[in-house]
There are 2 protein chains.
Amino acid sequence: MLSPETRPWTMAQIAAEAGVSATTVSHALSGKRPVNPETVARIQRIVQEHGFVPNSSGVRLRSGRTGVIGLAVPDIAHWYFGRIAKGVEEIANERDYGLVICGTMNADPRREKRYFNMLRTRAIDGLVYTTSRSMSDLDELVTVAQGSSIVFADEAVDRLPEVPSVTTTVREGARLVGEHLRELGHSRAVVIAGYAGLRSTTERVAAFREYFPTALTLFGDFEQQSGYELMGDLLANDVAFSCVFAHNDFMAIGAIRRLREAGIRVPEDVSVVGFDDVDVATIMSPALTTVRKDMVEIGRRSARTLFDVIEGEPGSARSSVLPVELVVRGTTAPRRD
Amino acid sequence: MLSPETRPWTMAQIAAEAGVSATTVSHALSGKRPVNPETVARIQRIVQEHGFVPNSSGVRLRSGRTGVIGLAVPDIAHWYFGRIAKGVEEIANERDYGLVICGTMNADPRREKRYFNMLRTRAIDGLVYTTSRSMSDLDELVTVAQGSSIVFADEAVDRLPEVPSVTTTVREGARLVGEHLRELGHSRAVVIAGYAGLRSTTERVAAFREYFPTALTLFGDFEQQSGYELMGDLLANDVAFSCVFAHNDFMAIGAIRRLREAGIRVPEDVSVVGFDDVDVATIMSPALTTVRKDMVEIGRRSARTLFDVIEGEPGSARSSVLPVELVVRGTTAPRRD
DNA sequence: CTGTTAGCGCTTTCAG
DNA sequence: CTGAAAGCGCTAACAG
């Protein structure tokens with residue numbers, strides 16, 4: 001770019017310069033076999049001088065490994081997946097792996113094909129896969145999963161039970177919410193749920209029903225707007241309720257906005273609980289009662305599990321389920337008639 | 001992983017199976033030279049059957065290109081850098097490039113070394129570099145920048161004027177803020193600025209001074225907490241002001257929180273303006289008056305510029321400066337005595 | 001239309 | 001302690 005043609009030095013050139021063979025340079029740098037200290041010193045000097053670093057394509061072809069893992073997320077700009085990415089990146093970096101991010105744009109098939117191919121072409125050694133909705137091309141994933149290193153983060157895929165996953169106790173989270181609202185004296189609840197196709201949605205709906213068996217359940221898309229609109233529908237239809245369980249904080253925030261516009265106070269008239277514990281939950285006023293999921297930890301754990309798959313004893317990679325925690329803040333209050 | 005040893009097929013094996021040479025397989029797949037249609041068909045079939053895809057390490061070693069670009073960001077989980085990443089990813093994907101994300105953890109030297117090395121080892125073809133503070137190891141960057149493809153996103157580096165950058169008209173943004181507050185009748189302002197070492201900070205401070213020449217300026221770190229604390233200092237010292245210009249929305253939000261705790265109303269008693277226009281700015285109430293920067297577009301433009309550097313005519317890559325826009329919402333109001 | 005050869009840059013036998 | 005040679009998987013020149 002700046003200098004027109006700065007072809008980097010090759011090991012052979014360094015070797016020539018040092019008056020030794022490439023083999024010796026290789027070993028001097030890796031320490032994988034004894035080399036005369038003087039020779040090492042000389043090589044080091046020349047390496048320093050030219051800023052030589054072994055070309056990674058050569059190393060990769062030779063070793064059959066890339067030193068890179070992939071992370072597939074629907075949208076990297078999303079708070080939720082950003083946190084996961086942070087955790088994955090942290091561990092990858094620790095292990096001296098690179099991380100390539102594949103945005104799936106909410107399951108755009110062309111995009112998905114692309115990172116499946118990265119696995120197939122051995123451009124990456126493994127993949128952490130996340131999704132916020134049901135897969136567009138599950139069949140292809142099933143094929144690719146054979147003989148590849150994959151870990152599902154946050155959401156497992158039912159059809160692939162053998163693939164390790166890192167999930168959370170969402171069922172327990174929903175129970176905590178139900179219990180909390182019951183203790184506050186509420187008896188009529190509505191649920192603004194996540195995607196209908198996700199296991200985590202089904203589980204939460206079922207668990208919440210243990211406390212509110214007849215709770216009306218509407219399915220949204222995890223975006224604020226959908227919480228807003230679904231709440232609008234509820235109000236337009238005169239549904240009677242004194243509390244809302246939203247399957248994530250963004251939808252909860254949207255629902256609260258809609259309630260306020262209708263002159264309904266939160267938490268005085270209606271209690272609202274979210275899920276995930278986004279940053280905003282503490283900023284808003286009143287602060288949002290929610291269920292905390294440690295997204296960064298999900299990322300970390302997923303990456304570690306992936307490395308178990310890649311480097312560990314066969315079968316050493318185990319699925320794990322991380323705990324969640326109810327955080328009671330200001331959007332829930334005792335029922336008032 | 002699942003199947004114990006599924007070594008992928010090599011081109012040579014496919015060739016043997018098809019009764020042709022590897023060369024022919026290569027050309028049949030790439031179309032770079034005519035191949036007998038029947039032969040092509042046969043090869044296609046075998047390729048399909050075994051799910052063959054050319055090993056990328058081989059291709060890379062041969063071609064000298066990796067088909068991957070890097071993105072260095074302080075923290076991928078941060079709203080700001082997530083947006084940039086989204087834009088970069090979008091364009092990379094469009095060009096069939098992979099994107100590796102390098103978290104610099106706010107300029108951790110070990111981390112920075114790591115992705116500089118990726119450039120050096122030719123593990124990536126180019127790098128989009130962002131920073132939120134002054135560089136930890138500018139000298140190393142200067143060295144690496146020689147003969148490598150780099151683009152600075154969002155913040156240019158003064159010592160490297162030849163490196164293309166994509167920035168915004170922050171100066172103009174600060175002027176708009178000054179003008180707006182003047183028009184509302186304010187005469188005493190304080191500034192909660194960004195890192196002192198950044199050009200964008202200096203520029204904004206200077207531009208705002210055109211309207212409020214004596215505005216007290218405190219430097220923060222772009223985090224909410226710092227806006228909160230700096231506002232605390234201002235209050236503790238009885239500084240007289242009726243409006244605040246914060247260099248980003250998070251600090252603005254922190255400052256507002258602190259003002260409220262002190263019983264000072266926004267915007268009735270004090271007007272507050274942020275910068276960037278984060279999602280939360282619209283959610284909070286009153287909604288935040290701020291200056292909108294299109295972060296995703298910065299990402300896109302940076303990636304395009306990087307591809308100009310990598311693939312374009314030498315010298316075809318140009319720095320660009322994107323516009324910003326004042327968004328007047330609810331946290332600013334006419335001065336009241 | 002097709003094959004042979006060579007070589008990208010590296011590491012690892014095997015042989016001194 | 002060191003080197004020569006082979007080969008990872010692919011493709012471009014050079015022959016047919």
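So that the names make sense, note that chain A is the first sequence line, chain B the second, and so on, each numbered from 1.
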Requested in this report: Report yes if at least one side-chain N or O of B:Lys32 is closer than 4.0 Å to OP1 or OP2 of D:dA12; otherwise report no.
Outcome: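 So the side-chain polar atoms of B:Lys32 do come within 4.0 Å of the phosphate oxygens OP1 or OP2 of D:dA12, strictly under.
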
**Report entry** Salt-bridge contact A:Lys86-A:Glu89 (side-chain N to carboxylate O under 4.0 Å)
**Finding:**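 A salt bridge is absent here (no side-chain N lies under 4.0 Å from a carboxylate O).
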
When you get a sec, tell me which of [options] is the closest nucleotide to the side chain of [X]?
| X | options | value |
| --- | --- | --- |
| B:Asn36 | D:dA12, C:dT2, D:dC1 | C:dT2 |
| B:Arg62 | D:dG9, D:dG7, C:dT2 | D:dG9 |
| A:Ser21 | D:dC10, D:dA4, C:dT2 | D:dA4 |

Report task. With heavy atoms under 4.0 Å as the rule, sort A:Thr39 into base, sugar-phosphate or nothing. Result ->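 Contact class for A:Thr39: sugar-phosphate only.
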
Query raised in the report: How are the rings of A:Tyr129 and A:Phe116 set relative to one another: parallel (under 30°), tilted (30 to 60°) or perpendicular (over 60°)?
Result: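 Rings of A:Tyr129 and A:Phe116: parallel, under 30°.
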
Specify the separation, in whole Å, of atom [atom1] of [X] and atom [atom2] of [N].
| X | N | atom1 | atom2 | result |
| --- | --- | --- | --- | --- |
| A:Ile14 | C:dC10 | CD1 | C1' | 14 Å |
| A:His27 | D:dT2 | NE2 | C1' | 10 Å |
| B:Gln13 | D:dC10 | CD | P | 9 Å |
| B:Arg33 | D:dA15 | CZ | P | 14 Å |

Requested in this report: Hey, which sits more toward the 5' end of DNA chain C by its nearest nucleotide, B:Thr24 or A:Pro54?
Outcome: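 The residue closer to the strand's 5' end, by nearest nucleotide, is B:Thr24.
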
Query raised in the report: With distance as the sole criterion, do the side chain of A:Ser30 and the base of C:dT11 form a donor-acceptor contact below 3.5 Å?
Result: no

Query raised in the report: Taking atom types as modelled and ignoring hydrogens, do the side chains of A:Asp154 and A:Thr130 form a donor-acceptor contact shorter than 3.5 angstrom?
Result: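 No, A:Thr130 and A:Asp154 have no side-chain donor paired with an acceptor closer than 3.5 Å.
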
**Report entry** Closest-nucleotide 5' rank along DNA chain D - winner of B:Thr23 and B:Leu61
**Finding:**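 Of the two residues, B:Leu61 wins.
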
**Report entry** First of A:Gly58 and A:Val20 reached from the 5' end of DNA chain D, by closest nucleotide
**Finding:**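 So the residue in question is A:Val20.
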
Report task. Check for a donor-acceptor pair, side chain of A:Gln13 on one end and backbone N or O of A:Thr10 on the other, with a separation under 3.5 Å. Result ->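 At least one qualifying donor-acceptor pair exists.
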
